[in-house]
Amino acid sequence: MNLPNNLGKSTLLACIIFWSILALEISDSQMLPYFLLMVIPIFICVTIVIVCTICPVFWLLQKDSLDKIRIFKTFFPYYAICAFGICAFGIISTNFEIFVTAFFTAAYVTTCQSWVWFTKETS
Amino acid sequence: MKHISILIAAILFSILFYEQSIGLNLALFAIVSMVVLLCQDASPFKEKRVWVIAAAYLFTAVMVFVHDSTLAIVANCISFFTLVGAVSQSGTSIYIYWLNGIYSTIAGAFHRQVDRNDASAKSSWKQHLDLKHLAKLIGIPLVFIILFILLYQHGNPVFEKLIGKISFEFINFQWLLFTLMGYYLFSNMSQPVQVEPATSKDLKLLNALSKSENFSEAPLKKEHQLGTTLLGLLNLLLVFYIITDIVSMSTSEVSAASDLSNQVHNGINTLIDSIIIAIIIILYFFRGNLNFYAENKMLKIISFVWIGLNVVLIGLIVIKNQSYISSFGLTYKRIGVHIYILMTLIGLVTTFLKVLHIKNLAYLFRKNLQVAFTLLILLSGVNWDNTITKYNLTQADDFDISYLINLSNRNATVLEALKNERPISETDKRAIELKYQNYETDLQQRHWQEFTYESFRLNTNSKDPDSE
């Protein structure tokens with residue numbers, strides 16, 4: 001598993017989604033340095049989520065000669081449904097607050113795409 | 001062609017839902033969804049059950065428009081997922097419809113990235129076009145140009161003035177993102193995927209039980225003895241309980257709402273415990289080979305008696321709840337008790353059928369969930385706020401007016417019409433009038449996407465004063 005590559009791509013994707021949604025609200029160019037600095041917390045969040053929730057599935061199950069596509073097809077649906085449920089709950093419970101919406105949208109799309117990248121690495 | 005139809009649907013999605021609350025838009029969305037599903041692949045609609053689910057989906061969409069209730073919205077969402085799941089694979093159980101429907105809708109695009117057989121699935125134009133390179137070619141320079149423009153902006157005043165004149169305000173980026181979400185949704189639902197191995201396992205799982213290879217009469221005889229003794233004693237106990245309950249109902253005079261409430265709630269708790277234990281015990285004894293044991297007739301009869309006694313218990317609770325309702329009026333909780341009792345009755349009937357026709361646990365789950373789904377669809381067709389208000393103001397002996405005033409605005413018209421039917425204080429009358437005025441104002445301020453049946457009715461009435 002090429003974890004650094006996945007983390008890099010996931011951070012970039014999360015930043016694009018997060019900024020795309022937030023850029024609508026904060027159009028002042030003075031905020032640009034803060035936007036760039038946001039890469040650091042986004043990278044930390046992405047790393048924690050991917051290492052704690054996606055990697056263990058592959059680390060534990062690849063030993064059982066389950067190929068990556070099979071792991072993906074068996075476990076990703078439940079992961080996606082749970083992640084969507086948590087993110088939707090987070091967004092709705094804050095009454096669609098823009099920062100929270102951006103955070104959870106980025107988190108959901110990034111984690112799902114991270115699964116795809118892990119699965120397609122060697123297959 | 002398929003992409004164009006999805007794109008049109010996505011634009012319609014934004015027109016219908018962007019910055020709007022629920023109303024006519026959900027009904028129109030249901031029609032758009034049906035059209036997209038039929039345009040993409042009409043073959044699943046050859047199945048009768050898919051048409052039934054599609055009809056249920058359209059029914060709930062109409063009910064959202066007519067009643068504008070949360071229950072109708074929830075029923076509409078569930079039937080939408082059911083329909084997408086049925087289109088994905090129509091031969092499975094209802095819970096697999098839900099699983100496939102939810103998964104297809106929220107993560108179908110990710111699944112297809114892995115599922116896609118690159119050689120066959122990529123269309124010819126995609127093979128010739130390097131999309132990744134194209135994205136880099138446009139994306140990377142664009143990002144850096146924007147970055148440097150923002151950096152140079154404060155470098156010299158002429159440049160700042162020129163840049164300041166550029167305005168993209170005519171583009172509603174949020175609307176575009178919303179349309180993108182609509183495209184994602186329609187793209188996912190038009191190409192439903194399946195959760196494996198859950199789908200294939202469910203297709204293989206039949207409803208009937210079969211005799212296992214290690215069938216032996218000796219342990220079954222002991223299990224039969226245990227079952228007969230246990231269920232026989234429980235039957236006796238339940239008969240005793242029912243007799244005392246009938247005696248208690250016929251002799252005691254209950255006038256206070258709190259006493260009757262306690263009686264109903266205690267009865268319901270007894271019912272919950274009794275039914276759950278009854279079903280677990282029956283399922284345990286009839287889980288396998290005992291179904292095929294030649295001398296199991298007595299156990300079956302005792303089980304059926306046990307189920308029958310539980311039905312009697314349900315009948316007693318219905319009487320108590322109904323007398324509670326006729327004395328102190330309808331509330332959501334009291335309706336909930338009736339619905340719970342109905343579902344319990346259905347659970348007992350399906351357990352009876354399971355034992356009678358030697359079915360497995362999957363049969364029980366499938367049938368009970370099908371019934372629960374049907375019940376949800378039917379219940380969404382009722383304006384409960386209206387029903388509660390009408391019943392309490394016309395038939396109940398006593399009622400709580402503040403409860404009726406605090407219900408959603410959907411009962412405002414009935415409340416206004418019937419406020420003089422019963423003795424109500426002037427303060428409460430004013431509260432009812434205020435509620436009705438607020439409701440009218442709310443309906444008048446709605447956009448066409450948020451219209452409900454009441455909006456049209458109000459418009460017609462306001463245009464035609466003679467009808468008042």
Side-chain angles (χ1 to χ4, degrees), chain A residues 9 12-13 15-36 66-88 91 96 98 101-102 105-106 108-121 123, chain B residues 19 77 81 85 88 96 98-118 135 139-140 142-143 146-155 160 163-164 166-169 171-178 180-181 184 188 193-201:
Chain A
K9 287 196 282 189
L12 186 66
L13 179 65
C15 288
I16 290 169
I17 297 167
F18 192 71
W19 288 336
S20 301
I21 297 170
L22 277 189
L24 307 163
E25 297 294 311
I26 309 156
S27 52
D28 187 2
S29 60
Q30 301 287 330
M31 293 293 288
L32 192 69
Y34 298 103
F35 265 55
L36 293 173
L66 277 168
D67 68 291
K68 284 184 171 180
I69 292 180
R70 217 173 124 198
I71 292 172
F72 177 89
K73 287 192 174 178
T74 311
F75 297 99
F76 174 69
Y78 307 103
Y79 182 93
I81 291 169
C82 292
F84 183 83
I86 294 166
C87 295
I91 292 170
F96 298 89
I98 191 77
T101 305
T105 308
Y108 176 69
V109 177
T110 307
T111 48
C112 287
Q113 190 57 44
S114 177
W115 268 90
V116 175
W117 282 326
F118 273 131
T119 309
K120 290 177 94 176
E121 257 175 17
S123 59
Chain B
E19 290 185 343
C77 291
F81 290 130
S88 160
I96 301 295
W98 292 335
L99 188 64
N100 283 337
I102 294 171
Y103 179 54
S104 294
T105 310
I106 65 168
F110 298 104
H111 183 98
R112 285 196 301 277
Q113 282 186 55
V114 171
D115 215 18
R116 187 189 296 144
N117 182 349
D118 284 346
I140 295 172
L142 192 70
V143 168
I146 292 169
L147 184 75
F148 279 93
I149 284 174
L150 291 169
L151 287 173
Y152 294 150
Q153 199 177 358
H154 302 293
E160 190 178 1
I163 293 299
I166 300 170
S167 169
F168 290 105
E169 279 176 6
I171 301 173
N172 189 338
F173 195 60
Q174 259 176 355
W175 189 89
L176 286 176
L177 280 181
F178 201 79
L180 190 70
M181 197 174 87
Y184 175 78
N188 281 348
V193 291
Q194 292 167 17
V195 177
E196 291 294 353
T199 307
S200 50
K201 277 186 177 171

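The basis for the numbers below is simple: all heavy atoms, side chains too, and nothing from hydrogens, waters or symmetry mates. Numbered from 1 within each chain, the chains take letters A, B, ... in sequence-line order.
A pairwise comparison of heavy atoms in A/F76 and B/A107 identifies CE2-CB, 4.0 Å as the closest pair. In terms of heavy-atom proximity, B/I106 sits nearest to A/A80 at CD1-O, 3.7 Å.
Ring geometry, A/F72 versus B/H111: the interplanar angle falls from 30° to 60°, so the pair is classed tilted.
With a threshold of 4.5 angstrom between heavy atoms, A/Y108 approaches chain B through side-chain atoms but not through N, CA, C or O.
More than 12 heavy atoms of other residues, nucleotides or ligands lie within 6.0 Å of CZ in B/F178, so this atom counts as buried by the packing criterion.
Here the straight-line distance linking atom CH2 of A/W117 with atom CZ of B/F110 works out to 9.5 Å at 0.5 Å rounding. Atom-to-atom distance recorded for A/T101:OG1 and B/L177:CG is 11.5 Å, nearest 0.5 angstrom.
In this structure, the side chain of A/K120 engages the main chain of B/Q113 through a donor-acceptor pair within 3.5 Å.
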